[in-house]
Amino acid sequence: MTVPHSSRDADKPDATVAWRDCLREWAAARDYPALLRISRRAEAIAADPDIQARLTPVRIALLSSATADFLLPILKAALYRVGLRPSLHVAPYGQVTTSLLEPAGPLVEFRPQVTLVLHATLHMAGWPALTASIQDAEARAREVCRSLLDPCAVFHERTGTELVLDNFHSLSGRAAGNFGAKLPGDPNTFIRRVNLTLGDHAPSYVHLNDVASLAERRGIDTWVDERYWHLAKQPVSFDCVADYCRSLAAVVGAVLGRTKKCLILDLDNTLWGGVIGDDGLAGIEIGEGGAEGEAYKAFQRYARELRERGVLLAVCSKNDEATAKSAFTDHPDMVLTLDDFVVFKANWQPKSENIRAIAQEMDLPLESFVFVDDNPAERHEVRQALPEVTVPELPEDPAGFVRALDDERLFEVVALTREDLRRTSTYHARRQTLEALAGATDIPAYLASLEMSASVRPFELVSFDRITQLINKTNQFNLTTPRVVPADVVRLAGDPTCVTCTVRLKDRFADHGLISVVYGQAREGRLEIDAWLMSCRVLGRGVEQLVFTHLVREARARGLDELLGFYQPTARNALVRNHYAALGFTRDGEADGRERWRLPLGHASSPAVYIVLEEAAPAGSTASS
Amino acid sequence: MTADQIRDRVATIVAETLGLDGVLLADQTTAADVEGWDSLANVQIIVAIEKMFGIRFRTGEIAAIKNVGDLVARIGGRISVRQTS
């Protein structure tokens with residue numbers, strides 16, 4: 001692909017601004033020629049070292065049964081938008097299965113972290129006869145799925161890669177007409193069965209790109225342009241390439257833990273129609289009884305579904321706090337309740353200031369926030385002041401809010417853990433403990449009053465998803481900031497020279513779930529602590545001391561005589577600068593941007609710990625998908 | 001719109017698609033005469049032309065376009081048909 005002449009080199013200080021503008025333009029563009037132009041511009045700007053430094057490099061292999069060339073530039077830009085800098089390896093046209101099965105060669109040597117497997121529906125083989133019985137169709141669907149998943153399994157085994165697999169859209173030709181809906185052998189009925197079977201049987205390292213839903217959303221007649229399929233084997237119409245690439249990029253982002261954590265909502269004309277301060281409780285539009293009120297209610301319901309799935313909600317509104325809260329406590333048609341929000345900011349400060357305060361209160365980086373506001377001026381203010389925060393465009397009509405936010409695919413996940421499902425209540429409990437702390441004068445007495453108990457366990461199968469998620473999401477209490485894919489976690493768990501450790505913590509307010517991960521390896525008589533990280537929700541509880549005691553015990557049990565820790569400074573982890581010093585380690589030089597800290601076991605102290613160690617529950621009791 | 005005007009717009013699209021500052025097109029110019037105008041770029045150029053002029057080529061037509069003059073004539077035919085209908 002030819003890169004256009006770039007005029008940006010002349011005014012390099014503007015790269016950041018140009019980059020931001022370019023990505024925003026990309027998000028607004030729909031037609032292919034414009035996307036292509038903007039995507040190429042993005043690629044040229046991405047060559048700037050300042051921009052490169054902000055993106056996480058990732059090796060992505062792309063295997064497609066149809067033409068991928070038209071997707072590539074657009075897909076790259078979509079990946080930039082989720083903060084990734086892809087190096088791409090594209091397998092030869094049409095060679096999906098053979099490439100996956102090849103025991104050696106350029107694809108295996110490339111060692112992809114993520115592999116995109118794109119099977120065009122129009123290439124699908126293995127159709128049952130139109131008159132097939134349900135049993136025949138089921139057997140055939142299982143066969144099709146096996147033929148898709150088995151090569152993925154082989155390739156995953158060989159390279160440890162995560163895979164993203166397309167499922168299938170319906171076809172516009174319906175030879176059997178409406179009666180086909182009753183025929184197991186009808187192509188569209190069969191495609192539905194294949195999609196369900198694929199969802200049921202895809203292993204954890206295979207992530208589905210739900211083409212069926214994407215195509216349904218746009219309509220099959222729009223999704224497929226038969227002319228370009230016949231002419232160039234282009235599997236998705238040029239009008240829908242953006243939807244397709246956004247979806248793929250969102251899944252890849254989720255695989256690498258780039259998902260947003262918190263949705264901040266405006267109130268007036270965002271969650272209800274009208275201005276509560278002017279129109280009063282009875283004057284706002286929400287709920288049944290008016291078309292607009294129903295539209296706002298649908299948006300609240302969507303926000304609530306996100307909350308139930310683990311996305312945190314917060315409020316940022318220019319309002320009088322008591323008036324704003326009364327809408328939730330006193331209006332019978334409100335879907336969201338005050339309990340759904342972890343932070344509620346209603347005042348007259350600039351929204352960017354409130355959002356910064358919310359981020360501080362929640363101990364989350366600004367990059368984890370999405371801000372939704374109906375008012376373009378407020379959106380602009382936040383974008384200018386806090387470019388790290390994602391601020392999607394909203395249509396004027398509230399009936400389009402759900403679709404506009406959903407289209408951004410900001411909250412994709414590749415697994416749902418128990419921690420996700422109860423995240424909001426965990427944050428509420430954290431607030432209660434902060435308040436308890438404010439009242440306590442004596443730290444040990446306060447810690448004792450929390451009645452904490454913990455279980456310390458090595459990496460276990462049931463926790464792999466959560467371990468991966470915590471490693472990738474934790475920025476502050478993270479000594480070396482490693483980034484992993486699930487296969488890395490599996491490898492660590494299975495390596496007898498590795499010491500792995502997870503901590504689950506409970507107190508009288510909440511079950512915090514799995515909140516700390518540590519792993520290291522025995523090398524030359526020492527335990528080298530390669531990773532030590534913890535959720536900031538449980539900062540100051542003494543979990544570090546508990547883990548330290550555990551590591552000392554583990555090292556002694558293995559006949560080692562020293563602990564070696566590392567601190568690799570980043571923009572976000574200054575919090576743990578003194579972590580090893582506080583535990584009695586001595587600084588022992590620096591290499592590769594990492595400080596080394598050593599502690600001979602003979603000098604290890606036994607710090608006070610206010611957490612009761614639980615006998616580990618059987619592994620099966622911790623649900624995780 | 002005159003043939004010259006159409007040709008100018010086509011030239012803009014070709015240049016943009018190929019990442020060139022500009023390109024000179026005559027009626028006799030074929031894809032082979034312009035560096036980078038391969039079958040891949042050709043599809044991108046046709047897609048951009050369809051968008052810009054709001055037209056749709058027939059499947060067989062796209063592969064049959066002989067040179068720039070032929071392309072311009074087909075676009076012109078589409079536009080005038082649309083204007084008279």
Side-chain angles (χ1 to χ4, degrees), chain A residues 1-10 25 29-45 47 64 66-77 90 92-93 122 172 221-222 224-242 244-245, chain B residues 6-25 29-68 70-72 74-75 77-79 81-82:
Chain A
M1 222 36 66
T2 328
V3 178
H5 303 290
S6 164
S7 58
R8 294 253 56 111
D9 297 1
E25 235 180 280
R30 272 289 175 270
D31 76 81
Y32 183 80
L35 276 166
L36 187 60
R37 210 163 47 235
I38 304 166
S39 299
R40 285 171 172 177
R41 200 168 86 226
E43 191 168 354
I45 306 173
S64 173
T67 305
D69 305 69
F70 299 113
L71 301 175
L72 282 178
I74 318 293
L75 178 62
K76 266 191 214 166
V90 183
Y93 169 85
L122 297 169
S172 42
D221 293 347
T222 314
V224 177
D225 186 337
E226 285 84 357
R227 298 177 305 149
Y228 288 109
W229 172 256
H230 297 312
L231 186 77
K233 290 293 165 286
Q234 168 60 19
V236 183
S237 77
F238 284 99
D239 282 340
C240 294
V241 163
Y244 180 70
C245 290
Chain B
I6 294 174
R7 200 184 308 101
D8 284 351
R9 291 204 182 183
V10 169
T12 308
I13 288 173
V14 170
E16 264 181 7
T17 307
L18 303 182
L20 306 170
D21 287 334
V23 63
L24 278 176
L25 297 181
T29 309
T30 66
D33 299 329
V34 181
E35 175 142 12
W37 192 338
D38 54 14
S39 60
L40 206 71
N42 194 53
V43 170
Q44 290 170 329
I45 288 166
I46 297 297
V47 169
I49 287 173
E50 289 192 326
K51 274 282 166 217
M52 171 171 270
F53 293 98
I55 58 175
R56 263 172 85 87
F57 291 107
R58 278 182 294 108
T59 308
E61 217 175 356
I62 301 171
I65 296 167
K66 288 197 295 287
N67 55 30
V68 169
D70 185 20
L71 176 60
V72 169
R74 287 171 196 268
I75 297 169
R78 282 289 199 299
I79 301 177
V81 166
R82 214 181 35 169

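Here is the naming used below: chain letters follow the sequence lines, and residue numbers restart at 1 for every chain.
- A:Arg227 contributes a side-chain N or O that, together with a main-chain N or O of B:Phe57, makes up a donor-acceptor pair within less than 3.5 Å.
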Subject >> side chain to side chain contact (heavy atoms under 4.5 Å, CB included) evaluation trace for A:Tyr228 with B:Val47 >> reply: CA-CA 9 Å; A:Tyr228 288 109; B:Val47 169; 3.7 Å; yes
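- For B:Ile46, the parts lying under 4.5 angstrom from a heavy atom of chain A are both the backbone and the side chain.
- Within the model, atoms OG1 of B:Thr17 and CZ of A:Arg40 stand 6.5 Å from one another, a figure rounded to the nearest 0.5 Å.
- Taken from CG in B:Leu40 to CG in A:Asp69, the straight-line distance is 4.5 Å, to the nearest 0.5 Å.
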**OP:** Report the C-alpha distance between B:Lys51 and A:Asp239 in whole Å, list the side-chain angles of each, state the deciding distance to 0.1 Å, and finish with yes or no for side chain to side chain contact (heavy atoms under 4.5 Å, CB included).
**Re:** CA-CA 10 Å; B:Lys51 274 282 166 217; A:Asp239 282 340; 3.0 Å; yes
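- Distance check, rounded to the nearest 0.5 Å: CD of B:Gln44 to CZ of A:Phe238 gives 7.0 Å.
- In terms of the side-chain hydrogen bond (donor to acceptor under 3.5 Å, both in side chains) criterion, A:Trp229 has no residue partners (sequence neighbours excluded).
- For the residue pair A:Pro33 and B:Ala48, the shortest heavy atom distance occurs at CG-CA, 3.4 Å.
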